[in-house]
Amino acid sequence: MEAALLAVAQGRSYLEIETDAVITVELVRGLHRSWLERLYDFAGEIRTIDLIKDTVRFAPITYMERSLSELDKVLADQTPCEGMDIDQLAGAIARVHAELVLVHPFREGNGRLSRWVADIMALQAGFPPLEWGFDWDPEERRGRYFAALRRGFAMDFSSLENLVREALTAAVRLAEDPIAES
Ligand SMILES: Nc1ncnc2c1ncn2[C@@H]1O[C@H](COP(=O)(O)OP(=O)(O)O)[C@@H](O)[C@H]1O
Ligand SMILES: [Mg+2]
């Protein structure tokens with residue numbers, strides 16, 4: 001159900017969000033709400049409990065207001081992505097992705113939501129949605145993705161930027177020749 005609703009909400013957002021629109025926390029909350037409002041009360045609502053996954057402690061709720069305004073600043077610095085080349089775009093997506101996942105604004109769905117925001121940024125710059133490759137080598141890809149994210153949480157965005165550049169390149173190749181790439 002979550003996957004089906006996500007596909008519909010993504011499709012709608014791709015039609016609605018302009019290539020020159022600044023992405024804001026309010027817009028991100030609207031995305032989360034539009035995706036999950038038929039399933040969960042917390043759709044679009046900022047979480048009210050602290051969250052830890054594996055060894056990662058996401059932004060503590062005590063400082064959530066400050067974290068959200070920092071996230072808004074990062075979004076305002078890095079979007080809109082219209083006119084960016086692949087290197088600028090990879091830099092912008094990596095920066096936003098690390099911040100959004102670290103803040104983890106919602107009770108659930110932060111990973112998918114953050115990759116959705118990355119797709120919106122890619123579309124703004126004229127690229128297809130990212131191809132992270134989780135489908136064809138889940139273990140290896142997820143491991144690299146998590147490791148790159150953790151470096152991003154520590155403000156070193158280089159691995160995540162490389163990963164995003166690869167995901168954009170793979171997406172372009174797939175769009176140009178879906179049969180050769182499948
Ligand atoms: N150990 C980890 N290291 C780095 N990032 C992590 C780790 N565990 C989870 N994450 C991040 O959090 C996301 C999962 O958060 P969650 O709110 O459950 O989103 P979803 O429900 O969409 O999977 C992952 O996709 C990843 O971006
Ligand atoms: Mg989850």
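Remember, it's 1-based here, ligands and their atoms both numbered in the order they're listed. Source: prediction; values computed, not measured.
Listed as neighbours of ligand 1 are Lys53, Asp54, Val56, Val101, His104, Glu108, Gly109, Asn110, Gly111, Arg112, Arg115, Tyr145, Phe146, Leu149, Arg150, each bearing a heavy atom under 4.0 Å from the ligand.
Sorted pairs that involve residues 22-37 and meet side-chain hydrogen bond (donor to acceptor under 3.5 Å, both in side chains), not counting sequence neighbours, are lacking altogether. Within the structure, side-chain hydrogen bond (donor to acceptor under 3.5 Å, both in side chains) contacts touching residues 56-65 (residues at least two apart or in different chains) do not occur. Among pairs with a residue in residues 150-163, those fulfilling salt bridge (charged side-chain N to carboxylate O under 4.0 Å, His left out) read Arg151-Asp156, Glu161-Arg165, at least two apart in sequence or across chains.
The backbone N or O of Ala59 sits nowhere less than 3.5 Å from a side-chain atom of Ser67 that would complete a donor-acceptor pair. Using modelled atom types, no side-chain atom of Glu176 and backbone atom of Arg173 make a donor-acceptor pair closer than 3.5 Å.
For the pair Arg95 and Glu99, the salt-bridge criterion is met [side-chain N within less than 4.0 Å of a carboxylate O].
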